[in-house]
Amino acid sequence: MNNLDREEYYRSLAGKWLDGTITEEEKKEFSQWYNLNQDDEVVIESDFAQSDDELSGRILNTINKRLGIEKPESNNYWVKWGAVAAVLIALVSIAFYFVNYNSSFTNDHLANSQVIQNDISPAVGKAFVELADGSKIILESDVKQQILLQGSSQLVVGDNELTYSSQNSGQQNVTSYNTLHTPIGAQFQVVLSDGTKVWMNASSSLRYPTVFSGTERIVELTGEAYFEVAKNKKMPFRVKTKDASINVLGTHFNVMAYSDESYLNTTLLEGSVELATTSQKIVLKPGQKAVKYNDTANINVSSADVNSSIAWKNGLFVFSGDDIESVMRKISRWYDVDIIYKGKMTDKDFSGTISRNNNISEVLKMLKLTGLVNFQVKDKTITVTR
């Protein structure tokens with residue numbers, strides 16, 4: 001087996017470890033390969049995640065040594081991201097080592113991967129709800145319980161969730177609307193008056209009636225949210241975005257509709273949804289995604305990486321074939337930083353997984369390990385260079 005074939009083989013074992021299909025014999029073989037030329041042997045077990053810093057140091061040391069011994073002729077790396085397991089923390093550096101690109105990866109790139117001195121923690125934005133009269137209520141995530149009254153509706157805030165309930169369902173004469181806003185670095189959950197649960201990602205807003213009435217349930221979304229819609233055949237549920245509509249009865253799905261992205265992405269986990277534009281209607285099946293680019297009314301349907309699409313909800317960044325500008329937009333929404341680009345950016349794609357709880361230095365360090373980009377951090381501005 002030549003060097004390239006051997007590297008491909010062990011990359012496939014890493015993917016099998018992550019998605020839980022690796023055998024005990026393969027697990028032993030991968031551990032032996034991983035520990036090749038290690039100063040301190042690492043036994044990769046399922047509970048191997050005691051110290052992130054220690055693990056990152058050991059993995060970086062291993063990669064550094066490995067590249068000094070075996071330099072692949074060309075690289076075209078991919079990490080298969082499956083169910084989240086504890087071993088993912090131990091392999092996070094390897095995840096970014098297996099990035100989709102076709103350029104040489106040398107020790108010089110590793111030498112330039114020092115921790116960013118001007119470190120930035122995830123932003124601490126506070127979600128707020130804008131009431132029908134224009135007044136705003138800050139939603140404190142650590143409040144045990146706060147009860148508010150708004151007309152015929154009762155609002156309960158607690159445990160990072162806002163819950164609506166109607167005291168006189170169907171008896172109000174005028175529909176009253178609220179808007180939930182999650183700023184940069186914030187996530188929040190809302191339970192609508194019909195029991196529908198919505199998880200809101202950062203930099204998003206959802207407009208909805210405090211009590212649903214009439215023949216359908218309509219909400220308006222900007223940004224990203226995951227929906228678990230309460231079933232009601234008599235009142236279909238509809239999510240309106242800037243230039244599309246998602247129609248459902250009862251189902252689980254994720255919608256990404258940020259104004260600074262070039263496309264709308266709807267991923268279906270359970271049930272069925274109909275995505276409609278001015279010229280086309282598409283019905284999705286579980287495990288499919290629909291993508292509609294802003295400059296066209298056409299909808300493209302394909303198989304989806306479901307776990308990747310809702311990774312944000314589980315506290316993870318997952319980059320799956322993202323270009324550098326898409327990656328940096330996700331980072332900007334979470335860390336409240338400005339992004340500047342200098343020079344021609346790489347056209348290669350990035351794939352990998354890392355916790356959103358990390359400081360920004362850890363995220364940028366993983367990206368720098370690809371050898372495709374460099375970063376300069378000054379105050380709250382990140383300059384991206386080749």
Side-chain angles (χ1 to χ4, degrees), residues 129-135 148-156 161-182 188-201 204-259 264-286 288-292 297-299 301:
V129 60
E130 184 177 355
L131 304 181
D133 61 5
S135 60
L148 307 169
L149 295 178
Q150 183 186 12
S152 62
S153 298
Q154 177 177 277
L155 288 65
V156 180
E161 183 177 87
L162 172 63
T163 302
Y164 284 80
S165 62
S166 175
Q167 306 302 303
N168 298 291
S169 179
Q171 298 182 13
Q172 59 180 26
N173 295 322
V174 180
T175 301
S176 178
Y177 286 88
N178 286 180
T179 304
L180 176 62
H181 298 270
T182 49
F188 213 80
Q189 301 172 33
V190 58
V191 180
L192 303 179
S193 62
D194 66 336
T196 291
K197 297 180 181 179
V198 187
W199 285 257
M200 301 284 292
N201 201 354
S204 302
S205 65
L206 184 73
R207 184 175 183 267
Y208 49 88
T210 56
V211 178
F212 290 107
S213 60
T215 58
E216 59 182 346
R217 298 167 287 170
I218 301 176
V219 301
E220 299 173 32
L221 172 69
T222 299
E224 185 168 22
Y226 171 74
F227 293 83
E228 292 186 355
V229 177
K231 294 181 179 180
N232 185 340
K233 293 182 178 181
K234 295 181 180 180
M235 290 180 68
F237 193 94
R238 183 149 60 103
V239 180
K240 295 176 65 176
T241 66
K242 183 177 64 174
D243 53 5
S245 176
I246 300 150
N247 307 311
V248 305
L249 290 174
T251 186
H252 299 180
F253 60 100
N254 191 83
V255 180
M256 191 282 290
Y258 284 108
S259 58
L264 163 75
N265 188 336
T266 302
T267 303
L268 180 63
L269 284 76
E270 178 183 308
S272 66
V273 301
E274 177 190 72
L275 182 64
T277 66
T278 56
S279 62
Q280 190 178 9
K281 291 184 179 181
I282 294 292
V283 176
L284 289 182
K285 298 177 181 179
Q288 289 185 328
K289 67 178 180 180
V291 175
K292 181 210 162 292
N298 293 331
I299 304 170
V301 178

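These numbers come from a predicted model, not from an experiment. Side-chain atoms are counted along with the backbone in the values below, which use heavy atoms only and exclude waters and symmetry mates.
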Sequence neighbours excluded - salt bridge (charged side-chain N to carboxylate O under 4.0 Å, His left out) pairs with any residue from residues 237-247: Glu216-Arg238, Asp243-Lys292

Sidechain-backbone polar pair: Gln288 side chain, Lys285 backbone, donor-acceptor under 3.5 Å: yes

Given Leu268, Thr267, Leu275, the one that forms side chain to side chain contact (heavy atoms under 4.5 Å, CB included) with Leu284: Leu268

Residue of the set Val191, Leu155, Val190 for which side chain to side chain contact (heavy atoms under 4.5 Å, CB included) holds with Thr163: Val191

To the nearest 0.5 Å, how far apart are [atom1] in [X] and [atom2] in [Y]?
X      : Y      : atom1 : atom2 : value
His252 : Leu269 : NE2   : CG    : 8.5 Å
Ile299 : Ile282 : CD1   : CD1   : 5.5 Å
Glu220 : Thr241 : CD    : OG1   : 10.0 Å
His181 : Ser204 : NE2   : OG    : 11.0 Å
Leu221 : Met256 : CG    : CE    : 10.5 Å
Leu192 : Asn178 : CG    : CG    : 10.0 Å

So, for [X] and [Y], which heavy atoms are closest and what is the spacing to 0.1 Å?
X      : Y      : result
Val248 : Ser272 : CG1-O, 4.0 Å
Phe188 : Leu162 : CE2-N, 3.5 Å
Tyr208 : Leu180 : CE2-N, 3.8 Å
Ser205 : Met200 : C-CE, 3.6 Å
Ser193 : Val211 : OG-CA, 3.5 Å
Pro209 : Tyr177 : N-CD2, 3.5 Å

Test side chain to side chain contact (heavy atoms under 4.5 Å, CB included) applied to Asp194 and Phe237, step by step: CA-CA 10 Å; Asp194 66 336; Phe237 193 94; 4.1 Å; yes

Flag side-chain contact, heavy atom, 4.5 Å: Val239 against Phe253: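 They are in side-chain contact.
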
N/O donor to acceptor pairs below 3.5 angstrom from side-chain atoms of residues 223-232, sequence neighbours left out:
| residue | atom | partner | partner atom | Å |
| --- | --- | --- | --- | --- |
| Glu224 | OE1 | Asn201 | ND2 | 2.9 |
| Glu224 | OE2 | Asn254 | ND2 | 3.0 |
| Glu224 | OE2 | Trp312 | NE1 | 3.3 |
| Tyr226 | OH | Glu228 | OE2 | 3.3 |
| Asn232 | OD1 | Lys234 | N | 3.1 |
| Asn232 | OD1 | Met235 | N | 3.3 |

